[in-house]
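See below for the structure under consideration.
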Amino acid sequence: SNTTASATFTIMPSGSSSSNLLDDEQALLSLVQDAEGKAWTTSLHGWSANSGIPVCDWDGITCRKSSMDGGADDAAVVTGVNVTQKLSGTIPTALGLLTELEHLTLKNNMLRGSIPQELANLKKLRTLDLTQCFLTGTLPQRFESSQLESIGLAHNAISGKFFSEDDSPHLQSLREIWMENNLLTGTLHGSSIMKIPRLKILSLSDNDLSGLIPGEALGSLPSLHYLYLDSNHFVGPLPSQLAQVGRASILELWVQDNALSGTVPASYARFDQLHDFFIDTNKLTGALPPDICGPQINADFFTNVPPETKRNYCDSIACPAGSVALEGMYPCEKCAGGEAARLTNRYLGQNGRCSDYTQREILELFYRATTKGGRWKGTSDWDDTNKPVCQMTGITCDAQDHVVEISLKNRNLQGHIPDQIGLLSFLETLDVSDNALMGYVPSDLQWTSITQLDISGNKNRGRIPPLLCKMEELNGNGKGNAFHCDRIACPAGTFNAVGFHSGVDGEECQPCYDDSPYIAQKVCVRQQLPKLDWKETVQIVAKQTSEHMGVSATVLGASVIAIVIASVIAILMCWFVRHVRAIPQKKYGRGNSNEHDVLSQSYKKNDESEEHSFNDDRHVHFRYRDNPRKKDDYGYNQEEEDDMDGHSFRHNEHGHSRYRTTAYRDFIDSDDNMHAHNDHLEDTSVDSDEDNTATSWAHRSATDFIKDHQGIALNKREKLKRAVSERMPGDLNRRARETASNINIGARRKLHSHYRKSQSEA
């Protein structure tokens, strides 16, 4: 018969099946749903309760004896399910009844809905492959199996955040994570990455991830060989800590199609076995360190190139500034115009055409990118080719007709800010506030002369690019040698009346609990955490517990109340006994009462001072105890990341931490400030060959300490589900088009990569 997968069986003696196997049969048949499911079974061997065929003989089912000695009377249990193609329906929760299941493969099927938590609760699961199954919903943050080695969820529509629960049992055993081409959002947290010490493959290509790449955490994994982070929205530098001394084991590194800036670290020369390295289509500048380049890098792209052909091996990684290529790498074509062309084509690995836009062409690109929902509100003459640029609505020019200001406040702009805006080198002011812009703030603005930027009241996501935060005079940055990203935009989860921190005396960004994923917000629906309804919670818990125990909720409630009353009485009696015993001590002068008073006053004084102090982890939660957000503020969710001047967050010898007293501020020290605080930091200097152009993220927020010390966390699953459901169709359509383009550009790379892996495994 035609089968969907080859089966592997352990031969069982007749009559060895038991109630366990019958339960497994019922759980497996839950995959057969509706008429389509019944039609699917017609071409299979077994898969019917009336077939008379033992479960272990069904197509795609693997069994073993329930005990190791393998006696004749031992029951058989299902340990493997391998069913691929033509299956439709949802993943049933009944699969959670397969308590001995070790391998589950349902790839290339038409499965709807989300991954049930019952499946994630299986404690013996070793491999899970649900690749290309049309799945939606959020990624389960917790898998209960401490033996789970491989998770394959690629090519679905799974949303939510990457694993962020540090204590999940599956992290310690994971070796392979395949989650490319999904809708994952948020940042990668180094604290979670470091909990996956055996990780060999991490594939997160083609998602919506943002923030910094946690280089120190990834670089600490001794077995990490394949790292795919391409086609996301990562900003900041390529982390030099990714190539740590003695641990530089990466063989393939894909970070193309992001928004990374800065230069390529010379420390990457430590990757002596690196053979795939793609960095094109970013915002990287400078020159590639020559020690990285060599004939072994991306060599599979040149299998048909004659050996006598002369080529620059650095071009195999990325074309230099002032040149372009089809895929941003060899063969490269220089842009016409000499040095002037280099100033408008600054980035390594630029693909497509050379940037030689005029001011009018840049503004036309801006207009097309911001009219995705129709024409602007009010006068709209940007599409009038006969209108002089300096006479366009919202445009201000200087005496030389250079555009210096774009003011389009509340004009119903819909779309995104294009990267080409950075080519307006004389631009000083950009006001696009109170519109419906989406996407991410382009780091290309660093090449302008901008001093005033207002993106508030839109639907932008992610983090402000670090290099923008370090721009002198931008929204008042640089005063007192201090730089703040919230001077540009309040981070997600915060707000104020203007959407950014407007100067020394301006209103700071305040916490917001309305689950909005956007930055630079001016309003907040919920400024305080919702109060917990204890009565309703107790009723729900009592009902669920009573159903589980088989007793009435009334009896259970009465028992709980009796226990509580007894506990209170016991506590009062203990206090009374202690109080009575303390009276004779005072009466007869046991101990030094004066000394006791002095110590009491001392402790009280210390408590009062430390309650408002940020010099000790134990008291940091007093001021911000109502804010349990998870490391999403600018600069605070990367405490594991080395800062751009070679410093990183550390605890000092007394267990204290270095952080700011003001929450939701992204403070980036200047060199002077950093040296002034060297006494509070451990020596975190990096090698001289490492990049020093990155931004400092050395400060940790009070919210992080709340998470550590109070253990409070919002329900991320519900929060992310709401966030995903509220995504605008336009953004999803734009992402679909970008994904299709990325697939076409990178198809050849992936084919070569998988071919090499299959060869090495063979």
Side-chain angles (χ1 to χ4, degrees), residues 4-10 20-21 23-31 55-56 58-68 75-84 87 89-109 111 113-133 135 137-156 158 160 162-179 182 184 192 195-203 223 717:
T4 61
S6 60
T8 304
F9 308 106
T10 299
N20 289 337
L21 202 52
D23 292 340
D24 290 352
E25 176 182 300
Q26 295 175 358
L28 291 171
L29 289 177
S30 64
L31 284 167
V55 172
C56 295
W58 290 6
D59 283 342
I61 302 302
T62 303
C63 295
R64 65 165 171 78
K65 296 297 183 64
S66 59
S67 63
M68 299 301 295
V77 292
V78 173
T79 60
V81 178
N82 186 353
V83 178
T84 61
L87 177 64
T90 61
I91 301 178
T93 59
L95 290 184
L97 299 175
L98 301 174
T99 56
E100 300 296 320
L101 189 64
E102 297 177 0
H103 307 281
L104 176 61
T105 300
L106 298 176
K107 63 181 180 181
N108 300 324
N109 288 299
L111 300 177
S114 60
I115 302 172
Q117 187 60 43
E118 289 80 0
L119 189 62
N121 290 340
L122 292 172
K123 295 188 176 182
K124 295 187 178 180
L125 198 62
R126 299 178 67 89
T127 61
L128 175 64
D129 191 350
L130 303 176
T131 302
Q132 202 165 339
C133 286
L135 294 174
T138 57
L139 174 68
Q141 291 294 298
R142 188 179 183 88
F143 286 82
E144 296 299 333
S145 174
S146 59
Q147 306 173 49
L148 188 59
E149 295 183 351
S150 177
I151 295 180
L153 303 176
H155 303 287
N156 286 289
I158 298 172
F162 186 70
F163 300 128
S164 58
E165 293 192 9
D166 299 351
D167 60 344
S168 182
H170 75 286
L171 297 180
Q172 290 290 327
S173 57
L174 268 179
R175 292 178 178 271
E176 300 181 4
I177 299 176
W178 301 93
M179 295 185 185
N182 277 286
L184 298 178
S192 299
K195 297 294 184 179
I196 320 178
R198 304 175 68 187
L199 189 62
K200 180 180 180 181
I201 301 173
L202 178 59
S203 180
S223 300
R717 185 179 180 88

Of Lys123, Glu118, Gln117, the residue whose pairing with Asn121 passes side-chain hydrogen bond (donor to acceptor under 3.5 Å, both in side chains):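 Of the listed residues Lys123, Glu118, Gln117, the side-chain hydrogen bond (donor to acceptor under 3.5 Å, both in side chains) partner of Asn121 is Gln117.
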
Leu97 vs Gln26, side chain to side chain contact (heavy atoms under 4.5 Å, CB included): CA-CA, chis, key distance, verdict: CA-CA 9 Å; Leu97 299 175; Gln26 295 175 358; over 6 Å; no

Residues Arg142, Asp167; criterion salt bridge (Lys or Arg N to Asp or Glu O under 4.0 Å); working and verdict: CA-CA 9 Å; Arg142 188 179 183 88; Asp167 60 344; 3.4 Å; yes

Do side-chain atoms of [X] reach the backbone of [Y] as a donor and acceptor pair under 3.5 angstrom?
{"X": "Ser223", "Y": "Arg198", "value": "no"}
{"X": "Asn156", "Y": "Ile158", "value": "no"}
{"X": "Gln141", "Y": "Ser164", "value": "yes"}
{"X": "Asn109", "Y": "Cys133", "value": "no"}
{"X": "Asp166", "Y": "Lys195", "value": "no"}
{"X": "Ser173", "Y": "Glu149", "value": "no"}

If you take all heavy atoms of [X] and [Y], which pair is closest and at what distance?
{"X": "Leu153", "Y": "Thr131", "value": "N-OG1, 4.4 Å"}
{"X": "Glu165", "Y": "Leu171", "value": "O-CD1, 3.3 Å"}
{"X": "Val81", "Y": "Ile61", "value": "CG2-CD1, 4.1 Å"}
{"X": "Glu176", "Y": "Leu199", "value": "N-CD1, 4.2 Å"}
{"X": "Leu28", "Y": "Trp58", "value": "CB-CZ3, 4.1 Å"}
{"X": "Leu95", "Y": "Ala27", "value": "CD2-O, 3.8 Å"}

Nearest 0.5 Å, please: how far is [atom2] in [Y] from [atom1] in [X]?
{"X": "His103", "Y": "Thr127", "atom1": "NE2", "atom2": "OG1", "value": "5.0 Å"}
{"X": "Trp178", "Y": "Ile151", "atom1": "CH2", "atom2": "CD1", "value": "13.5 Å"}
{"X": "Leu148", "Y": "Arg175", "atom1": "CG", "atom2": "CZ", "value": "12.0 Å"}
{"X": "Leu31", "Y": "Leu106", "atom1": "CG", "atom2": "CG", "value": "6.0 Å"}
{"X": "Ile115", "Y": "Thr138", "atom1": "CD1", "atom2": "OG1", "value": "8.5 Å"}
{"X": "Glu25", "Y": "Ser30", "atom1": "CD", "atom2": "OG", "value": "11.5 Å"}

Side chains of Ser145 and His170, donor plus acceptor under 3.5 Å: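 Short answer, no.
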
side-chain hydrogen bond (donor to acceptor under 3.5 Å, both in side chains) assessment of Thr84 paired with Asn108: CA-CA 6 Å; Thr84 61; Asn108 300 324; 5.8 Å; no

Evaluation steps, side chain to side chain contact (heavy atoms under 4.5 Å, CB included), between Asn82 and Asp129: CA-CA 9 Å; Asn82 186 353; Asp129 191 350; over 6 Å; no

Validation row: [X], [Y] side chains within 4.5 angstrom (heavy atoms):
{"X": "Ser150", "Y": "Arg126", "result": "no"}
{"X": "Leu87", "Y": "Leu111", "result": "yes"}
{"X": "Glu102", "Y": "Arg64", "result": "yes"}

Audit row: Leu128, Phe143, side chain to side chain contact (heavy atoms under 4.5 Å, CB included) steps and yes/no: CA-CA 11 Å; Leu128 175 64; Phe143 286 82; 3.8 Å; yes

